[in-house]
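Residue numbers start from 1 in every chain, and the chains themselves are labelled A, B, ... in the order their sequence lines are given, proteins ahead of strands.
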Amino acid sequence: MGEICTERLTLAYDERAVVAGLDIVIPTGRVTALVGPNGCGKSTLLRGLARLLKPRGGSAYLDGRSIWRMPTRELARQLGILPQAPVAPEGLTVRDLVAQGRYPYHGWLNRWSEADEEAVARALDITGMVDLAHRPVDALSGGQRQRAWIAMALAQETKVLLLDEPTTYLDMHHQLEVLHLLRRLNREEGRTVVLVVHNLNHAARYSDHVVALSDGKVVAAGTPQEVVTSEVLREVFGVEAHILSDPDTGVPLCIPYALCENSNVRAPSMDSFAAPHTGHIHV
Amino acid sequence: MTATSFHLTRSSPALSLGLVVALGVLLAVVIVSVLYGAADIGAATVWAALFSYDGSTEHLIIRTLRVPRALVAVLVGGSLAVAGAVMQGVTRNPMADPGLLGIEAGAALAVVAAVHFQGISSLAVYTWFALAGAALAAVVVYALGSAGRGGITPLKLTVSGAALTALLSSLTTGILLLDRRTLDEVCFWLAGSVAGRDLGLMLQALPLICVGLLGALLLGRKVTTLSLGEDVARGLGQRTAWVRAAAALVVVLLAGGAVALAGPVGFVGLVIPHAVRFFVGVNYRWILPYSALAGAIFLVLADVAGRLILRPQELPVGVMTALVGGPFFVYLVRWKVRR
Ligand SMILES: Nc1ncnc2c1ncn2[C@@H]1O[C@H](COP(=O)(O)OP(=O)(O)OP(=O)(O)O)[C@@H](O)[C@H]1O
Ligand SMILES: [Mg+2]
């Protein structure tokens with residue numbers, strides 16, 4: 001359970017469509033990594049899957065039901081989302097934040113229950129936040145803060161977890177910690193996990209399925225071996241890279257070494273320097 | 001983890017007790033407010049005026065001037081503080097306040113316009129115009145604040161509120177300059193005053209304010225969740241559009257009702273929720289009831305101070321709250337606003 005797919009999903013802000021007519025299937029009970037350059041629509045897609053953004057056309061489905069036909073609360077009990085870079089109100093403690101994960105289980109009248117208490121304690125425990133539970137979220141380091149938010153999503157006890165860049169801002173150690181945690185949640189509890197990551201080696205190593213997006217379109221989708229290839233990297237990120245095979249696990253490792261000539265992908269800050277002599281204008 | 005930690009829905013004994021204490025303090029300051037005034041009236045006479053009324057001048061002063069005055073301060077202070085707290089939570093903007101965002105100015109302009117154009121002179125119809133003006137201003141400031149790229153941000157909302165307040169206030173001033181009769185009628189009211197309100201007006205505003213307060217308390221838990229941000233709240237299963245609409249209605253009822261009673265009294269909605277948060281944390285289930293009580297206490301005290309400072313003259317309570325609120329506003333801008 002926890003199958004997600006989309007059918008001709010079109011997502012747009014204002015007039016411009018970011019994702020147009022997208023069909024994807026997220027494998028159930030697996031870890032899926034969403035990769036792609038800045039601004040290609042990863043967050044937009046995730047928001048579309050979680051019903052945070054109303055589609056211009058098509059729909060996303062959870063277990064065969066259109067998410068737009070499901071009661072809000074019910075969806076929130078089955079699918080949790082951690083948006084990119086959320087900001088907690090000043091002074092909110094970790095524990096209070098994590099307790100908010102129980103929101104979908106409470107109506108107007110329900111009292112705080114044992115099940116709530118257990119879910120919160122478990123989420124704090126799994127993320128290693130027990131000792132920090134009474135600290136204000138805004139007084140934590142970036143990595144601790146990220147784990148606090150993940151704990152909130154865990155307390156929601158959903159079979160599907162969507163996470164937008166859960167490892168950004170973390171050091172190497174804490175990045176691996178979060179990735180291990182997500183894989184454990186997947187392996188031990190069978191949760192479907194979808195995460196946006198920028199580090200392709202992490203994507204390859206910690207996910208079963210990789211979806212590479214470029215300009216709102218799926219360029220490649222499949223196992224890490226199928227997706228992390230020099231052709232895909234060239235097309236999606238505009239970089240030349242060596243692809244090695246991890247000696248232990250056989251998953252691909254990529255080592256980018258140059259920018260492609262005539263790349264479509266360019267750092268935004270370089271636009272103003274796009275000198276006339278390159279003769280290449282990408283709109 | 002100790003059992004005294006408070007979180008999503010478990011109530012904390014300490015915070016519950018604090019509410020009772022605050023209620024006691026409110027009662028005490030109301031008594032002080034009724035005891036002190038231009039005429040020296042002893043405590044025994046006050047007691048007699050309340051419980052064995054004989055129609056003497058002193059009893060009349062207590063019953064028709066001092067008691068309504070204290071009660072109006074309670075209602076107005078509580079309403080504005082709760083309205084401010086709700087606005088701050090829902091917009092995630094520490095500078096949100098019915099005064100700063102132009103809602104009180106909208107209510108005030110509607111009342112002044114009604115007095116000028118319709119020649120309405122009874123305070124009793126103020127209420128409806130105040131409500132309509134508050135609602136209109138709320139819609140306009142929200143539209144202005146969310147126009148353009150990036151949606152609604154604290155900075156844009158605050159600037160829109162300041163612009164709207166300036167515009168509405170100058171329109172109000174314009175009407176008053178054209179029309180001295182209107183000026184005489186609403187002058188003291190416009191400065192924000194709790195004096196000279198009769199019970200009739202209070203009874204008219206009372207149900208609106210009560211509905212607003214009740215609605216705010218019911219919304220408390222949802223506002224806490226919404227204060228985590230739109231996407232997070234929706235991801236947790238909240239129908240944020242409804243919560244926002246309900247919150248807007250609550251704010252209009254509270255701010256409109258308060259302005260009808262006392263004119264635009266500034267800064268209560270800004271200062272009190274911040275002070276309350278310092279003691280009770282960020283959970284709106286507690287912030288809202290504490291704000292109601294603390295706002296009421298604050299305004300009653302401000303009114304008493306306004307009577308004592310320049311005795312025998314009186315300063316309108318709106319001037320007193322501005323004296324406290326102005327510096328606090330600067331402090332907030334300096335330390336609390338993140339863009
Ligand atoms: N609220 C918004 N209003 C208008 N346009 C937006 C909004 N959010 C994103 N966009 C645009 O939609 C496009 C896709 O943005 P999105 O946030 O999905 O990118 P992303 O792949 O998540 O990038 P990043 O890796 O930088 O997070 C971008 O061009 C962006 O400018
Ligand atoms: Mg993104």
Around atom [atom1] of [X], are there more than 12 heavy atoms of other residues, nucleotides or ligands at under 6.0 Å?
X        : atom1 : result
A:Tyr169 : OH    : no
A:Trp68  : CH2   : yes
A:Arg30  : CZ    : no
A:Tyr13  : OH    : yes

Notebook entry, point to check: Could you state the interatomic distance from NZ (B:Lys222) to OH (A:Tyr103), rounded to the nearest 0.5 Å?
Noted result: 3.0 Å
Check: Can you tell me how far CG of B:Asn283 sits from CD of A:Gln100, rounded to the nearest 0.5 angstrom?
Finding: 7.5 Å
For [X], which atoms come within 4.5 Å of any heavy atom of chain B: side chain, backbone, both, or neither?
X        : value
A:Pro104 : both
A:Leu53  : backbone
A:Arg47  : side chain
A:Leu162 : neither
A:Leu92  : both

Next item on the list: Look only at the side chain of B:Arg277 and the backbone of A:Gly91, and say whether a donor-acceptor pair between them is shorter than 3.5 Å.
Entry: no
Next item on the list: Please name the pair of heavy atoms, one in B:Ser227 and one in A:Pro89, separated by the smallest distance, quoted to 0.1 Å.
Entry: O-CG, 3.3 Å
Give the table of side-chain donor-acceptor pairs shorter than 3.5 Å for residues 249-257 of chain B, with sequence neighbours excluded, one pair per line with atom names and distance.
none

Check: Going by residue number, which parts of residues 228-237 of chain B are within reach of chain A, meaning a heavy-atom gap below 4.5 Å?
Finding: B:Leu228, B:Asp231, B:Val232, B:Arg234, B:Gly235, B:Leu236, B:Gly237
